[in-house]
Amino acid sequence: MASTPAGPAPGDYPIDTGVATLERDPYSDTGWILQVNGVPSSHVDLADPERLDFEYMRWMAALLRARHAAEGRLRVLHLGGGACSMARWVHATYPEARQVVVELDGRLAELVREWFDLPRAPLLRLRVGEAGEVLASLTESTRDVMIRDVFAGDTTPAALTGETTAAEADRVLDVGGLYLVNSGNAPDLAEFRREAAVLGSVFRHVAAIADPAMFKGRRRGNVVIAASQSPVLPEAALPALGRELLGGGVPATYWDDARVRAFAR
């Protein structure tokens, strides 16, 4: 096997599930774009881990900062790794956080670790495995935040969007823990409606963030769904979320529990 380059270098790299393509960001000297089998997977800025180019990641970050305003030793599980963009952001924002990233592709995990100089264990551990199987193996009440961002091509595997996975997420989350889901949707929002109903059947509270045009059925894109047994955001934190969303540079709309449940009916 050819040796891995020291640091990122543009090119195509064989991985366990196909081909990873690493490209330079044409608008940034320190930015890199990772594609997996031709589908954009991640963006990383080596000089600024708090820079998130994907809009849905900025929405997740805004929600987390509004909910966890103070730095703390959060226990975070990422189902789906890619280039670990969100894990790098969490480390920069909550330096004492302990994170585990579950990545199906072992070779991709090796490359990403070398390319992007990720924090080492115990701050960040990469675990190779299928997300649902790893989730089922974890001890209950051991995570504060769980982020699901798993795609095969442009679709999340159906096994990870059903009630079984939602129930496992609830089991592994500690009291008041937060489950964040990246849901890819066509303009009809059928996947959002279905998964919001599933999460609403397991968790007491659900909420969502998306581009206003997405909620109006005018475009294809991502919806971030948040679920918890405690309120996703207390009313007092909503102004902070609004400021975060505006500061992220991408207009976004927050739907609270009542609106999400009404839509999911």
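Model, not experiment: these values are computed from the prediction.
- No donor-acceptor pair closer than 3.5 Å links the side chain of Arg98 to the backbone N or O of Leu124.
- Nearest heavy atom pair, residue Ala20 against residue Leu34, reads CB-CD1, 4.0 Å.
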**OP:** May I have the step-by-step check of side chain to side chain donor-acceptor pair (under 3.5 Å) for His91 and Gln99, ending in yes or no?
**Re:** CA-CA 8 Å; His91 176 68; Gln99 302 185 79; 5.2 Å; no
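- Thr155 meets the side chain to side chain contact (heavy atoms under 4.5 Å, CB included) test with no other residue; sequence neighbours excluded.
- In this structure, Ala264 and Ala197 approach most closely via the heavy-atom pair CB-N, 3.8 Å.
- Under the 4.5 Å side-chain heavy-atom criterion for ILVMFWY residues, a single connected hydrophobic cluster contains both Trp59 and Val232.
- At least one side-chain heavy atom of Leu52 sits less than 4.5 Å from a side-chain heavy atom of Met86.
- Judged by distance alone, the side chain of Thr165 and the main-chain N or O of Ala159 form a donor-acceptor pair under 3.5 Å.
- There is no path of hydrophobic side-chain contacts, each under 4.5 Å, that joins Leu241 to Trp255.
- A side-chain donor-acceptor contact under 3.5 Å links Arg113 to the backbone of Pro119.
- Clustering ILVMFWY residues whenever any of their side-chain heavy atoms sit less than 4.5 angstrom apart, transitively, puts Leu46 in the very cluster that holds Leu111.
- For the residue pair Ala97 and Val90, the shortest heavy atom distance occurs at CB-CG1, 3.9 Å.
- Both Val202 and Leu135 are part of a single hydrophobic cluster, where members link through side-chain heavy atoms under 4.5 Å apart.
- The pair Glu168-Arg171 meets the salt-bridge criterion, with a side-chain N (NZ, NE, NH1 or NH2) lying under 4.0 Å from an Asp/Glu carboxylate O.
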**OP:** Begin with the C-alpha distance, continue with both residues' side-chain angles, and end with the deciding distance and a verdict on side chain to side chain contact (heavy atoms under 4.5 Å, CB included) for Val223 and Ile209.
**Re:** CA-CA 6 Å; Val223 178; Ile209 301 177; over 6 Å; no
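- Residues Val101 and Val44 share a single hydrophobic cluster, defined by chaining ILVMFWY side chains whose heavy atoms lie under 4.5 Å apart.
- A donor-acceptor contact shorter than 3.5 Å is absent between the side chain of Asp211 and the backbone of Ala252.
- Residues Val76 and Met146 are not in side-chain contact: their nearest non-hydrogen atoms beyond the backbone lie 4.5 Å or more apart.
- Here the OG atom belonging to Ser85 is positioned 14.0 Å from the CH2 atom belonging to Trp32, to the nearest 0.5 angstrom.
- Applying the 6.0 Å contact sphere to CZ of Arg219 captures more than 12 heavy atoms from other residues, nucleotides or ligands.
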Original post:
For Arg24 and Asp29, what are the C-alpha separation, side-chain angles and deciding distance, and is it a side chain to side chain contact (heavy atoms under 4.5 Å, CB included)?
Top reply: CA-CA 8 Å; Arg24 292 186 182 275; Asp29 292 339; over 6 Å; no
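- Looking only at side-chain heavy atoms (C-beta outward), Val145 and Arg67 stay at 4.5 Å or farther from each other.
- A salt bridge links Arg107 with Glu110; the closest basic N to acidic carboxylate O contact falls under 4.0 Å.
- Here CG of Leu245 is found 10.0 Å from OH of Tyr254. Values are rounded to the nearest 0.5 Å.
- For Tyr13 and Trp115, the distance between ring centers is under 6.0 angstrom.
- Under the 4.5 Å side-chain criterion, counting only non-hydrogen atoms from C-beta, Ile147 is not in contact with Leu77.
- Asp53 meets the side chain to side chain contact (heavy atoms under 4.5 Å, CB included) test with Asp25, His43, Arg51; sequence neighbours excluded.
- The structure places CG of Leu74 at 5.5 Å from CG of Asp144, a figure rounded to the nearest 0.5 Å.
- Residue pairs that meet the salt bridge (charged side-chain N to carboxylate O under 4.0 Å, His left out) test with at least one member in residues 184-194, sequence neighbours left out, are Glu191-Arg194.
- Test Glu195, Arg220, Met214 against Asn185 for side-chain contact (heavy atoms from CB on, under 4.5 Å) and you get one pass: Met214.
- Note: Phe263 and Phe215 fail the aromatic proximity criterion, with ring centroids not under 6.0 Å apart.
- Counting all heavy atoms, side chain and backbone alike, Val198 lies closest to Ser201 at O-OG, 2.6 Å.
- Within the structure, side chain to side chain donor-acceptor pair (under 3.5 Å) pairs that include any residue of residues 120-130 comprise Arg127-Ser137 (at least two apart or interchain).
- Every salt bridge (charged side-chain N to carboxylate O under 4.0 Å, His left out) that Arg65 has, sequence neighbours left out, goes to Glu50, Glu244.
- For Thr156 (side chain) and Phe151 (main-chain N/O), no donor-acceptor pair under 3.5 Å exists by modelled atom type.
- His205 and Gln229 form no side-chain donor-acceptor contact under 3.5 Å, judged by distance and modelled atom types alone.
- Within the 4.5 Å cutoff, the side chain of Leu160 has no heavy atoms near those of the Leu79 side chain.
- In terms of modelled atom types and a separation under 3.5 Å, the side chain of Glu103 and the main chain of Gly81 share a donor-acceptor contact.
- Here the CG atom belonging to Leu138 is positioned 12.0 Å from the CD atom belonging to Glu133, to the nearest 0.5 angstrom.
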Original post:
Does the side chain to side chain contact (heavy atoms under 4.5 Å, CB included) test come out yes or no for Arg143 and Val100, once each step is laid out?
Top reply: CA-CA 10 Å; Arg143 300 297 188 275; Val100 174; 4.0 Å; yes
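- Two residues are said to be in side-chain contact when any heavy atoms from C-beta on lie closer than 4.5 Å; Leu63 and Leu233 meet this criterion.
- In plain terms, the two heavy atoms of Phe54 and Ser41 that are nearest each other are CE2-O, 3.4 Å.
- Shortest non-hydrogen contact noted between Ser28 and Asp45 is OG-OD2, 4.0 Å.
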Under 3.5 Å donor-acceptor pairs involving side-chain atoms of residues 172-182, not counting sequence neighbours:
unit_1	atom_1	unit_2	atom_2	d
Asp174	OD2	Arg75	NH2	2.7
Asn182	OD1	Asn222	ND2	2.8
Asn182	ND2	Asp149	OD1	2.8

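- Taken from CG in Leu118 to CG in Leu126, the straight-line distance is 6.0 Å, to the nearest 0.5 Å.
- Side-chain atoms of Asp257 do not come within 3.5 Å of backbone N or O of Ala207 as any donor-acceptor pair.
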